[in-house]
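Notes for the one structure printed next.
Predicted model only: the values in this text are computed from it and were never measured. We use all heavy atoms of the structure for the numbers below, so side chains are in, but hydrogens, waters and symmetry mates are not. Proteins get letters first, then strands, A, B, ... in listed order; numbering begins at 1 in each.
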Number of protein chains: 2
Amino acid sequence: MIETRPPANPLFLRDEELRQGIELIFYAYRDFTFESDQQLKHYKLGRAHHRALYFIGRHPGQTVGHLLSILKVTKQSISRVLKDLLEQEYVEQKSGPRDRRERRLHLTPRGEKLERELTDRQSQRFARAYRETGAESVEGFRKVLLGLLDPAERAEVDKRIRNGGR
Amino acid sequence: MIETRPPANPLFLRDEELRQGIELIFYAYRDFTFESDQQLKHYKLGRAHHRALYFIGRHPGQTVGHLLSILKVTKQSISRVLKDLLEQEYVEQKSGPRDRRERRLHLTPRGEKLERELTDRQSQRFARAYRETGAESVEGFRKVLLGLLDPAERAEVDKRIRNGGR
DNA sequence: TAAATAGGTCAGTATTACTGACCTTGTCAA
DNA sequence: TTGACAAGGTCAGTAATACTGACCTATTTA
């Protein structure tokens, strides 16, 4: 591979390159979350509510335990969020068909509507970025982000995002 | 070879693709922050302290206002963090050469050491991802993340990450 | 029947962040 | 030289997210 900028000091350049990645993901995540956070205020909900709505919509019928393994928070943390969403009828629970201890989570039509409204802003942001950069860049983006995951997570996440979780 | 899943509904596929992006950035950010968050506990500091240390190290001599514009938080939020870092002598202030109202921020040697320790885990994660995916993917990753920024931010961030802020 | 699992709950705490009001110090232009 | 404005700090109050640890019920399973 031919380098356009010959690395006079490879260690320095390498560190520089890695720091650019660190900063890019910080800046992108900062802007990525901003708009839907604003929107959430109208509903007196927070980012945690959006995350729960998103992943319940994405994986309908999943158990509370599965949601916890995605969000990587404690059940005490999710319980407040889930309580709000159940009370306001954005989400409903059905007991598991085989194991009745499970509470399988679903969005209500009302929850689907809110989820779409919140996620739309983020989708549009991605649509713009994808449009501006092209399919090849998108493929690189996907590969690098998968590479940033904990190795133990990678296969699972890859599968989860590819088939929409079903 | 016939497509196994012909795109009967292009809009659906598009939405699917965008949601994959949304999920990837969520999962990547989740894992990206996890290790240094753990490390921070040993010092009784939080993620906000790392962010401040990081960007002060990255842009030595920047003003408090500049740091605020990077982090996009209020000065009341940064003040607690900065107070901790000043008290524990990770950071020092010098008044601006021209405008003496400014407090220009610098890491102390102690602060540089801590910053490196915290950031190293994240750098290593990026190094692994870059190594596994190659230069082309990295370029795509960079382009897409820049594309995700607010348009008003893009030029500034691009410049900032390219020259290390100086 | 006993252990393990899914899930919920109570109590207490920490961190990050917000709004709004107000203050000091210093710059700069009329 | 005075007055507006800017950089930054601070006080008070509030909210959201998340944590640990302990304990509970219902249900499944060995």
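- Here the P atom of nucleotide D:dT17 and the OH atom of B:Y29 are 16 Å apart, to the nearest Å.
- Applying the ring pair (Phe, Tyr, Trp, His ring centres under 6.0 Å) rule to B:H50 yields no partners; only residues at least two apart in sequence or on another chain are considered.
- Side-chain contact between B:T133 and A:L146 is absent, with no heavy-atom pair separated by less than 4.5 Å.
- If you measure from atom NE2 of B:H66 to atom C1' of D:dA6, you get 17 Å, rounded to the nearest angstrom.
- Residue pairs satisfying the salt bridge (charged side-chain N to carboxylate O under 4.0 Å, His left out) criterion with at least one member in residues 40-53 of chain B, sequence neighbours excluded, are listed as follows: B:D37-B:R47.
- Applying the side-chain contact (heavy atoms from CB on, under 4.5 Å) rule to A:D150 yields the partners A:K72, A:E153, B:D31, B:R125; only residues at least two apart in sequence or on another chain are considered.
- The side-chain hydrogen bond (donor to acceptor under 3.5 Å, both in side chains) pairs that include a residue from residues 107-117 of chain A are A:Q39-A:E117, A:Y43-A:E117, A:Y90-A:R110, A:E115-A:T119, A:E115-B:R19, where partners are two or more places apart or lie in different chains.
- By the side-chain hydrogen bond (donor to acceptor under 3.5 Å, both in side chains) test, B:D99 is found to be paired with B:R101, residues two or more places apart in sequence or in another chain being considered.
- Judged as a ring pair (Phe, Tyr, Trp, His ring centres under 6.0 Å), and not counting sequence neighbours, the contacts of A:F26 are B:F55.
- Take the nearest nucleotide of DNA chain D for A:R100 and for A:K72: the residue whose nucleotide is more 5' is A:K72.
- The stretch residues 39-52 of chain A has no heavy atom under 4.0 Å from DNA chain C, so no residue of it qualifies as close.
- A donor-acceptor contact under 3.5 Å is formed by the side chain of B:R101 with the base of D:dA6.
- Residues of residues 73-80 of chain A having a heavy atom closer than 4.0 Å to DNA chain D, listed by number: A:V73, A:T74, A:Q76, A:S77, A:R80.
- Atom pair B:Q62:CD and D:dA7:C1' shows a separation of 14 Å (rounding to whole Å applied).
- For the pair A:D37 CG and C:dA17 C1', the computed distance is 11 Å after rounding to whole Å.
- In this structure, the side-chain hydrogen bond (donor to acceptor under 3.5 Å, both in side chains) partners of B:Q20, at least two apart in sequence or on a different chain, are A:R142, B:E16.
- With salt bridges taken as basic N to acidic carboxylate O contacts below 4.0 Å, none links A:R160 and B:E23.
- Residues passing the side-chain hydrogen bond (donor to acceptor under 3.5 Å, both in side chains) test with A:D84, sequence neighbours excluded: A:H49.
- Looking at heavy-atom distances under 4.0 Å, B:R104 makes no contact with the nucleic acid at all.
- The CZ atom of A:R98 sits 23 Å away from the P atom of D:dA26 (whole-angstrom rounding).
- Residue A:R103 has no polar side-chain atom (N or O) positioned under 4.0 Å from OP1 or OP2 of C:dA6.
- In this structure, B:L67 places its CG atom 11 Å from P of C:dA17, rounding to the nearest Å.
- Scored by the salt bridge (charged side-chain N to carboxylate O under 4.0 Å, His left out) test, B:D120 finds no partners at all (sequence neighbours excluded).
- DNA chain D is contacted by B:Q93 of residues 81-94 of chain B, taking any non-hydrogen atom closer than 4.0 Å.
- Straight-line distance from the CD atom of A:E102 to the C1' atom of D:dT25: 16 Å, rounded to whole Å.
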